[in-house]
Amino acid sequence: ITTSGGGSLTRTGAINAGSANVVLNLAGGTSGTGLVLADRLTLQAVGGSTLNTTVNSVIANVTGLGNALAIFQTGKDLVVPAGNVLTNAGPLTLAADGTNNLTVLGTISAAGANVTLSAGGAVNASTGQIAADVLTVTANSASTLTTAVNTLVANITGAGSTLTVNEADALTIGSGDVRTNNGQINITTSGGGSLTRTGAINAGSANVVLNLAGGTSGTGLVLADRLT
């Protein structure tokens with residue numbers, strides 16, 4: 001589906017390609033309650049876009065400066081492949097419901113804006129990367145994040161589920177904290193990056209492991225069984 005002349009796409013009903021792909025090239029954005037059902041959704045839009053999806057993978061690029069992208073996945077795991085999910089300095093939200101996982105194989109980038117990721121299962125970006133100003137992550141299962149962000153807020157809610165963060169340079173723990181439900185927290189910085197603790201790092205009765213290319217400072221508490 002292609003729109004021209006700044007035209008948007010309103011989804012009152014569904015767009016259902018079954019096991020095939022859906023490609024949206026929009027001069028505006030897209031909104032509405034209609035589901036997009038497909039193997040892969042590819043979105044190229046100028047305007048802010050909100051989508052409700054049941055797809056296996058998504059590639060998206062919202063090119064208008066500051067325009068937002070939000071994708072709410074239902075019923076199955078969601079994969080961001082090498083084609084990436086991008087905005088042009090607009091806020092970006094990806095959410096997978098139920099016990100479903102969000103897996104990042106490519107790049108999620110908001111070009112200096114904020115990224116919010118949530119999953120009823122895990123958020124895994126062990127091979128992909130997430131780039132943002134503030135990254136907020138909520139997940140139930142053990143999660144791995146490869147990041148190039150300024151600030152991280154994370155909550156891993158499943159009992160004993162771990163959180164691993166590999167940051168490209170310096171990182172700040174935001175005032176919303178980085179916490180698990182008694183699961184180990186591992187934070188690594190590279191490129192000489194330091195760790196600033198504005199908020200807490202809270203692993204409950206589990207351990208916290210910090211591998212820092214720089215140092216660490218700040219007022220945020222570290223709560224754990226053992227700090228390494």
Item to complete: Take Thr157 and Asn140 through the side-chain hydrogen bond (donor to acceptor under 3.5 Å, both in side chains) test and state the conclusion after the steps.
Response: CA-CA 5 Å; Thr157 59; Asn140 183 67; 3.3 Å; yes
Worksheet entry | side chain to side chain contact (heavy atoms under 4.5 Å, CB included) between Val178 and Val165, intermediate numbers included | CA-CA 10 Å; Val178 168; Val165 180; 5.7 Å; no
Discussion item. Working note: Thr147 + Leu152, criterion side chain to side chain contact (heavy atoms under 4.5 Å, CB included); need CA distance, chi angles, decisive distance, verdict.
Written reply: CA-CA 9 Å; Thr147 60; Leu152 175 66; 5.5 Å; no
Discussion item. If you apply the rule side-chain hydrogen bond (donor to acceptor under 3.5 Å, both in side chains), what do you find for Ser205 with Asn182, and how did you get there?
Written reply: CA-CA 5 Å; Ser205 61; Asn182 303 313; 3.2 Å; yes
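The two residues Val58 and Pro81 have their closest heavy-atom pair at O-CD, 3.1 Å. The nearest pair of heavy atoms linking Ala45 to Gly29 is CB-CA, 4.5 Å. The shortest heavy-atom contact between Val208 and Ala224 is CG2-CB, 3.7 Å. When all heavy atoms are compared, the tightest approach of Arg226 to Asn207 is N-OD1, 3.1 Å. In terms of heavy atoms, Ala89 sits closest to Leu65 at CB-CD1, 4.1 Å. Nearest heavy-atom pair, Ala125 versus Ile130, reported as atom, atom and distance to 0.1 Å: CB-CD1, 3.9 Å.
Side-chain N or O atoms of Thr151 include none that pairs as donor or acceptor with a backbone N or O of Val149 at under 3.5 Å. Formation of a donor-acceptor pair under 3.5 Å by the Asn67 side chain with backbone atoms of Val46 is found in this model. Side chain of Ser57 to main chain of Val79: no donor-acceptor pair is present (N/O by atom type, distance under 3.5 Å, no hydrogens or angles). Not one N or O on the side chain of Asn211 forms a donor-acceptor pair closer than 3.5 Å with the backbone of Thr188. Within the 3.5 Å criterion, the main-chain N or O of Val55 finds a donor-acceptor partner in the side chain of Gln73. With Thr189 contributing its side chain and Ala213 its backbone, the two residues share a donor-acceptor pair below 3.5 Å. At least one donor-acceptor pair closer than 3.5 Å links the side chain of Asn101 to the backbone N or O of Ala122.
Qualifying side-chain hydrogen bond (donor to acceptor under 3.5 Å, both in side chains) partners for Asn100, counting only residues two or more places apart in sequence or in other chains: Asp97. Every residue was checked against the side-chain hydrogen bond (donor to acceptor under 3.5 Å, both in side chains) condition with Ser143, not counting sequence neighbours, and none meets it.
Distance check, rounded to the nearest 0.5 Å: CZ of Arg179 to OG1 of Thr138 gives 11.0 Å. One distance of note links CG of Leu92 with CD1 of Ile71; it measures 7.0 Å at 0.5 Å rounding. Atom-to-atom distance recorded for Thr2:OG1 and Gln44:CD is 10.5 Å, nearest 0.5 angstrom. The OG1 atom of Thr93 lies 8.0 Å from the CG atom of Leu69; values are rounded to the nearest 0.5 Å. Between the NZ atom of Lys76 and the OG1 atom of Thr54 there is a distance of 7.0 Å, given to the nearest 0.5 Å. Distance CD/Glu167 to CG/Asp169: 5.0 Å, rounded to 0.5 Å.
Cluster annotation: Ile1 and Ile59 are assigned to distinct hydrophobic clusters (Ile/Leu/Val/Met/Phe/Trp/Tyr, side-chain heavy-atom contacts under 4.5 Å, transitive). Ile185 and Val153 are members of different hydrophobic clusters when ILVMFWY side chains are connected at heavy-atom separations under 4.5 Å. Hydrophobic clustering places Leu24 together with Val62 (ILVMFWY residues linked when any side-chain heavy atoms are closer than 4.5 Å, directly or through intermediates). Ile201 and Leu227 fall within the same hydrophobic cluster, where Ile, Leu, Val, Met, Phe, Trp and Tyr residues are linked whenever their side-chain heavy atoms come under 4.5 Å apart, directly or through other members. Taken together through direct or relayed side-chain contacts under 4.5 Å among Ile, Leu, Val, Met, Phe, Trp and Tyr, Leu9 and Leu37 form parts of separate hydrophobic clusters.
The residue from Leu163, Thr164, Asn124, Asn166 that alone fulfils the side chain to side chain contact (heavy atoms under 4.5 Å, CB included) condition with Leu145 is Leu163. When Leu43, Asn16, Leu51 are each tested for a side chain to side chain contact (heavy atoms under 4.5 Å, CB included) with Val36, only one passes: Leu51.
Crowding of Arg11 atom CZ: a count of heavy atoms from other residues, nucleotides or ligands under 6.0 Å exceeding 12.
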Compile the donor-acceptor pairs under 3.5 Å between side chains in residues 104-119 and protein atoms, sequence neighbours left out, one pair per line.
| residue | atom | partner | partner atom | Å |
| --- | --- | --- | --- | --- |
| Ser109 | OG | Ala111 | N | 3.3 |
| Asn114 | OD1 | Val134 | N | 3.1 |

